[in-house]
Amino acid sequence: MSENRDPHVTKFVYDFTEGNKDLKDLLGGKGANLAEMTNLGLPVPPGFTITTEACRTYLDSGEEPAALRDEVSAHLDALETTMGKKLGQADDPLLVSVRSGAKFSMPGMMDTVLNIGLSDKSVQGLARQAGDERFAWDSYRRLIQMFGKTVLGVDGELFEDALEAAKAAKKVTVDTELEAADLEKLVTKFKKIVRTEAGRDFPQDPREQMDLAVKAVFDSWNGDRAKLYRRQERIPHDLGTAVNVCSMVFGNLGPDSGTGVAFTRDPASGQQGVYGDYLQNAQGEDVVAGIRNTVPLAELESIDKKSYDQLMQIMETLENHYKDLCDIEFTIERGQLWMLQTRVGKRTAGAAFRIATQLVDQGLIDEAEALTRVNGAQLAQLMFPRFDDEYARGGEGVEQVGRGIAASPGAAVGKAVFDSYTAVKWSRSGEKVILIRRETNPDDLDGMIAAEGILTSRGGKTSHAAVVARGMGKTCVCGAEELEVDTKRRRMTVPGGHVVEEGDVVSIDGSSGKVYLGEVPVVPSPVVEYFEGRMHPGADDADELVEAVHRMMAFADRKRRLRVRANADNAEDALRARRFGAQGIGLCRTEHMFLGDRRELVERLILADTEVEREESLKALLPLQKRDFVELFEAMDGLPVTIRLLDPPLHEFLPDITELSVRVALAESRQEPHENELRLLQAVHRLHEQNPMLGLRGVRLGLVIPGLFTMQVRAIAEAAAERRAAKCDPRAEIMIPLVGTVQELEIVREEADRVIAEVERTTGTRLKLAIGTMIELPRAALTAGQIAEAAEFFSFGTNDLTQTVWGFSRDDVEASFFTAYLEKGIFGVSPFETIDKDGVGSLVAAAAKAGRATRPDLKLGVCGEHGGDPESVHFFHEAGLDYVSCSPFRIPVARLEAGRAAVTSLGSDHR
Ligand code: ADP
Ligand code: MG
Ligand code: MG
């Protein structure tokens with residue numbers, strides 16, 4: 001709570017007529033929307049909302065502030081006046097519900113208590129007023145049951161058992177067959193249960209009932225389940241919940257009463273129509289609890305035409321007012337319709353895109369607003385391959401056996417293995433495997449890499465398995481608790497007792513959390529087919545989703561300021577990136593060109609003892625490099641291609657030290673030592689580093705291995721000249737990695753300029769090659785003003801920058817302590833996933849500013865993986881960068897988020 005507000009003047013209670021939908025922080029989602037509906041003139045039972053601030057005050061101080069009690073009294077008085085009866089009044093009681101309602105709806109919060117105000121006395125009054133004794137005693141037993149369970153903490157099963165016993169004694173099967181006298185007896189029994197279990201009597205004072213329920217709602221904010229949920233969903237812990245006190249309306253007063261839920265359009269497809277369920281003669285959650293069969297909402301028309309027509313009218317009003325899909329709870333009491341809740345409804349990713357474009361077509365929202373209705377995470381979800389729905393629902397040999405947390409999306413099929421070793425062994429022999437563990441730990445890393453997907457029976461969204469799988473982009477379902485995993489015996493028992501042995505095929509869906517036995521066929525995403533150009537919007541067979549995505553991408557492209565480039569190392573990736581909308585290459589890693597059969601040439605370069613040997617290997621590499629670049633320029637003709645000179649530590653090109661040592665030792669024991677391997681081993685030893693990430697790499701390599709960088713620059717220049725000669729438009733940018741000080745860059749630059757001039761002279765072509773640097777060390781960021789003197793562009797390497805700013809190496813920490821850090825809330829999300837704005841981000845922003853101060857036309861980009869992360873893209877937009885670069889597959893997400901960043905801040909996101 002804000003320190004400077006005097007609790008005596010703080011308003012803790014708002015009548016439904018005083019609030020509105022924009023006060024969610026204060027009134028919670030439910031309260032804000034009840035107020036909005038009230039003020040729209042819709043039939044909402046009168047009531048009031050106790051604010052989240054009251055909750056925070058209570059939680060901070062441990063007691064309700066006196067002012068709150070008085071204010072509640074005043075609002076209760078007013079409510080009683082409006083309703084013409086008093087809470088719990090003996091002859092004609094006012095009854096209320098006490099309902100929790102935080103800003104975000106949240107499992108673990110206290111369940112609603114209905115019928116507050118009933119007591120041994122007022123139950124008689126209610127019976128007389130309603131002319132229905134059975135109804136009154138049923139309402140009273142429900143109150144004691146709900147109150148006992150949620151407020152007094154009595155085990156709910158005791159009430160259920162007593163109810164069952166009453167039915168058995170009467171030889172009936174459903175509770176509607178119990179009569180008034182049976183229910184009256186049940187009330188006595190329930191009160192006895194409360195006395196024994198809670199050590200106190202069920203409170204007869206209606207105000208005490210209400211106050212205790214309110215307090216219980218406050219307390220439920222800090223319940224274990226609510227806390228866990230907030231941590232997983234990254235909802236702040238200090239929001240608190242509001243409490244709604246709402247006068248009761250009764251759907252259980254006979255066949256002309258009932259209760260229902262409705263959506264203004266289909267939350268799965270976005271289609272407009274009548275969607276919902278209705279249950280006659282029922283109260284509260286009966287409709288979702290499945291105690292009796294509901295009827296489709298459309299049938300209400302024949303049950304109660306007047307209420308149905310009114311409801312349709314109201315739904316249209318709500319959609320036009322909220323300009324979005326709404327979901328609704330309503331009750332009909334003896335032919336009178338009451339609205340009990342509405343909110344902007346949750347929807348599937350596909351429906352989000354469709355609804356956004358439909359609302360634009362209806363003229364309800366504009367393109368900019370439409371962009372705020374979808375997000376990159378939803379688009380990414382639509383781009384993963386999925387399981388064939390039809391098949392997953394019951395294809396031959398397929399059975400859903402569990403459901404866990406959807407920790408990392410995708411669809412994976414493979415043979416069950418229960419340890420990392422087997423996962424690696426089987427995958428080496430070409431098998432696809434799913435690694436199944438109770439939970440994973442750093443020892444499982446190799447197995448996780450080898451597996452198609454990971455399944456655990458324990459742990460949540462921040463468990464080791466979840467964090468590491470997301471980092472690797474691997475499908476993961478975690479915390480599937482119904483599955484009993486026995487790693488020792490290499491098997492898993494599913495509900496019903498079936499045993500899955502090592503080698504049995506399982507399928508896991510990382511987007512829904514579902515686990516199947518058997519092989520579910522995987523279908524490609526239609527959205528990817530569209531981006532690949534294999535499906536065309538506007539074509540006869542184009543589906544609505546593709547149409548909607550196509551239009552939303554066009555909106556985003558029109559609005560965005562950030563350009564989007566791809567990280568691509570070869571022509572194939574470059575072409576795909578172009579299809580996905582890339583406006584150039586932001587990072588081409590040349591080390592990938594030194595692998596395969598070229599490895600030997602690199603080995604020779606590293607082992608060279610003499611100038612001549614070195615020159616020879618460089619000469620051999622030159623034409624190969626040149627070929628690579630020609631192909632790349634061809635694929636990206638007319639668009640910028642940023643080429644990073646060799647970056648990784650040299651030992652990455654040499655054989656593994658242990659393997660090589662063994663080979664050499666064996667050869668020696670056979671007394672046939674291999675000269676070359678011995679030299680290689682010596683080199684490996686010489687180049688071995690304790691911390692290669694901080695060792696001889698990047699620009700440092702270029703400075704100590706004569707001719708290496710100049711060979712690469714020559715290859716780029718000659719390739720560009722060749723493309724020019726072919727009347728094409730190559731736009732190369734040469735990027736120097738790991739620069740820490742301007743002097744390094746100046747030396748490399750001088751040589752590069754010399755080589756480029758030479759190529760220009762011999763080919764007679766003006767090349768216009770730009771030279772710039774990565775900013776990926778804190779020192780580079782801190783001296784960006786100086787570095788800009790020698791650089792035409794900066795590209796922020798946010799992966800290394802995150803490692804060096806935090807002082808940890810990604811490979812080590814993600815597998816070791818990140819889980820603990822996430823669980824303790826030290827970060828809400830891995831700084832490798834979303835840019836750490838306060839630390840790494842502020843360096844980026846400052847370096848951008850300092851660089852531009854030196855060189856106003858300095859081009860600024862980012863090429864770390866953050867370039868494809870939604871939240872980070874918004875940050876880079878704010879920081880004024882020119883472009884982001886990301887893997888080809890993330891390009892649509894980056895385009896969409898860049899568009900969203902231009903029209904909104906993340907704060908206004910839908911949840
Ligand atoms: P939830 O957050 O789980 O949706 P609600 O507060 O909406 O909980 O209440 C649970 C059920 O009780 C819903 O079906 C709701 O419509 C019903 N309900 C709540 N308040 C009242 C009331 N004053 N009169 C009748 N039914 C109510
Ligand atoms: Mg509920
Ligand atoms: Mg509700």
Side-chain angles (χ1 to χ4, degrees), residues 16 24 27-35 37-38 42-50 76 79 82-83 85 87 93-118 126 130 135 138-139 142-143 145-147 149-151 206 209-210 213-214 216-217 220-221 223 225-226 229 241-253 257-263 276-292 294 297 311 326-334 336-346:
F16 288 169
K24 286 198 187 69
L27 304 178
K30 202 180 282 170
N33 288 324
L34 280 167
M37 286 200 292
T38 302
L42 304 185
V44 177
F48 53 84
T49 304
I50 302 171
L76 183 58
L79 181 62
T82 309
M83 303 300 291
K85 42 187 161 184
L87 183 69
L94 166 66
L95 304 186
V96 297
S97 61
V98 169
R99 321 165 64 181
S100 65
K103 181 175 180 186
F104 307 112
S105 80
M106 221 163 56
M109 292 303 294
M110 199 194 78
D111 284 335
T112 293
V113 182
L114 303 176
N115 307 332
I116 282 188
L118 279 176
L126 182 67
F135 155 74
D138 187 50
S139 301
R142 285 175 190 256
L143 168 63
Q145 189 168 357
M146 282 184 272
F147 193 95
K149 185 176 161 206
T150 59
V151 180
Q209 290 173 6
M210 192 180 100
V214 169
V217 172
S220 70
W221 177 259
R225 229 157 69 82
Y229 181 81
T241 179
V243 187
N244 302 288
V245 176
C246 181
S247 48
M248 284 300 300
V249 291
F250 299 99
N252 53 342
L253 271 169
S257 304
T259 182
V261 295
F263 300 91
D277 300 293
Y278 183 69
L279 187 59
Q280 268 173 285
N281 196 8
Q283 184 174 50
E285 304 213 307
D286 291 357
V287 76
V288 285
I291 56 158
R292 274 178 277 145
T294 58
L297 185 61
L311 181 66
C326 296
D327 72 28
I328 288 161
E329 289 174 11
F330 67 93
T331 278
I332 297 173
E333 177 180 322
R334 291 186 169 151
Q336 162 74 48
L337 174 68
W338 293 99
M339 301 302 294
L340 290 172
Q341 190 172 336
T342 192
R343 66 191 153 192
V344 168
K346 293 215 159 63

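In listed order, ligands and their atoms are each counted from 1. Worth knowing before you read on, the calculation uses all heavy atoms, side chains too, and leaves out hydrogens, waters and symmetry mates. Start at 1 with the first residue, then count along the sequence. Because the structure is predicted, anything quoted here is derived from the model rather than measured.
- Among all heavy-atom pairs drawn from Pro46 and Thr82, the shortest one is CG-CG2, 4.3 Å.
- Taking distance alone, with nitrogen or oxygen atoms compared against 3.5 Å, Ser100 stays at or beyond that limit from ligand 1.
- Using a distance-only test at 3.5 Å, with no hydrogens or angles considered, no donor-acceptor pair links the side chain of Ser247 to the main chain of Gly47.
- Looking at residues two or more places apart in sequence or on another chain, you find a side-chain contact (heavy atoms from CB on, under 4.5 Å) between Ser139 and Asn115, Leu118, Leu126, Phe135, Asn252.
- Under a 4.0 Å criterion applied to the non-hydrogen atoms of Cys246, ligand 1 contributes the atoms 23 (N).
- Atoms of ligand 1 found under 4.0 Å from any heavy atom of Ser97 (numbered from 1 in listed order, with element): 19 (C), 20 (N), 21 (C), 22 (C), 23 (N).
- A donor-acceptor contact shorter than 3.5 Å is absent between the side chain of Thr241 and the backbone of Trp221.
- Of all the heavy atoms of Leu114, the ones lying under 4.0 Å from any atom of ligand 1 belong exclusively to the side chain.
- Under 4.0 Å from ligand 1, heavy atoms of Val249 appear from its side chain as well as its backbone.
- Distances between N or O atoms of Thr259 and those of ligand 1 include no value under 3.5 Å.
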Take Leu340 and Val249 through the side-chain contact (heavy atoms from CB on, under 4.5 Å) test and state the conclusion after the steps.
CA-CA 9 Å; Leu340 290 172; Val249 291; 4.2 Å; yes
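- Atoms of ligand 1 found under 4.0 Å from any heavy atom of Thr112, numbered from 1 in the order shown, are 5 (P), 6 (O), 8 (O), 9 (O), 10 (C).
- Around the Mg ion (ligand 3), the protein contributes the following N, O or S atoms under 2.8 Å, ordered by chain and number: Glu329 OE1, Glu329 OE2, Gln341 OE1.
- Looking at Thr259, its side chain does come within 3.5 Å of a backbone N or O of Phe330 through a donor-acceptor pair.
- Side-chain N or O atoms of Lys30 include one that pairs as donor or acceptor with a backbone N or O of Ser100 at under 3.5 Å.
- If you look at Met248 next to ligand 1, the close heavy atoms, those under 4.0 Å, come from the backbone and the side chain alike.
- The neighbour count for Lys149 NZ, taken as heavy atoms of other residues, nucleotides or ligands under 6.0 Å away, does not exceed 12.
- Nearest-heavy-atom check against atom 15 (C) of ligand 1 across Glu329, Glu333, Met339 picks out Glu329.
- At least one heavy atom of Lys30 sits less than 4.0 Å from an atom of ligand 1.
- Contact analysis leaves Pro45 out of contact with ligand 1, as no non-hydrogen atom separation drops below 4.0 angstrom.
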Might you work through the side-chain contact (heavy atoms from CB on, under 4.5 Å) test for Thr49 and Phe16, ending with a clear yes or no? CA-CA 7 Å; Thr49 304; Phe16 288 169; 3.4 Å; yes
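- Among Gln341, Arg99, Met106, the residue whose heavy atom lies closest to atom 19 (C) of ligand 1 is Arg99.
- Applying the side-chain contact (heavy atoms from CB on, under 4.5 Å) test to Gln280 and every residue at least two apart in sequence or in another chain returns Pro255, Tyr278, Ile303.
- Ligand 1 has no nitrogen or oxygen under 3.5 angstrom from a nitrogen or oxygen of Leu340.
- Just one residue in the list Arg99, Arg142, Gln283 forms a side chain to side chain contact (heavy atoms under 4.5 Å, CB included) with Leu114, and that residue is Gln283.
- Shown here are the ring-ring contact (aromatic ring centres under 6.0 Å, His included) partners of Phe48, two or more places apart in sequence or in another chain: His75.
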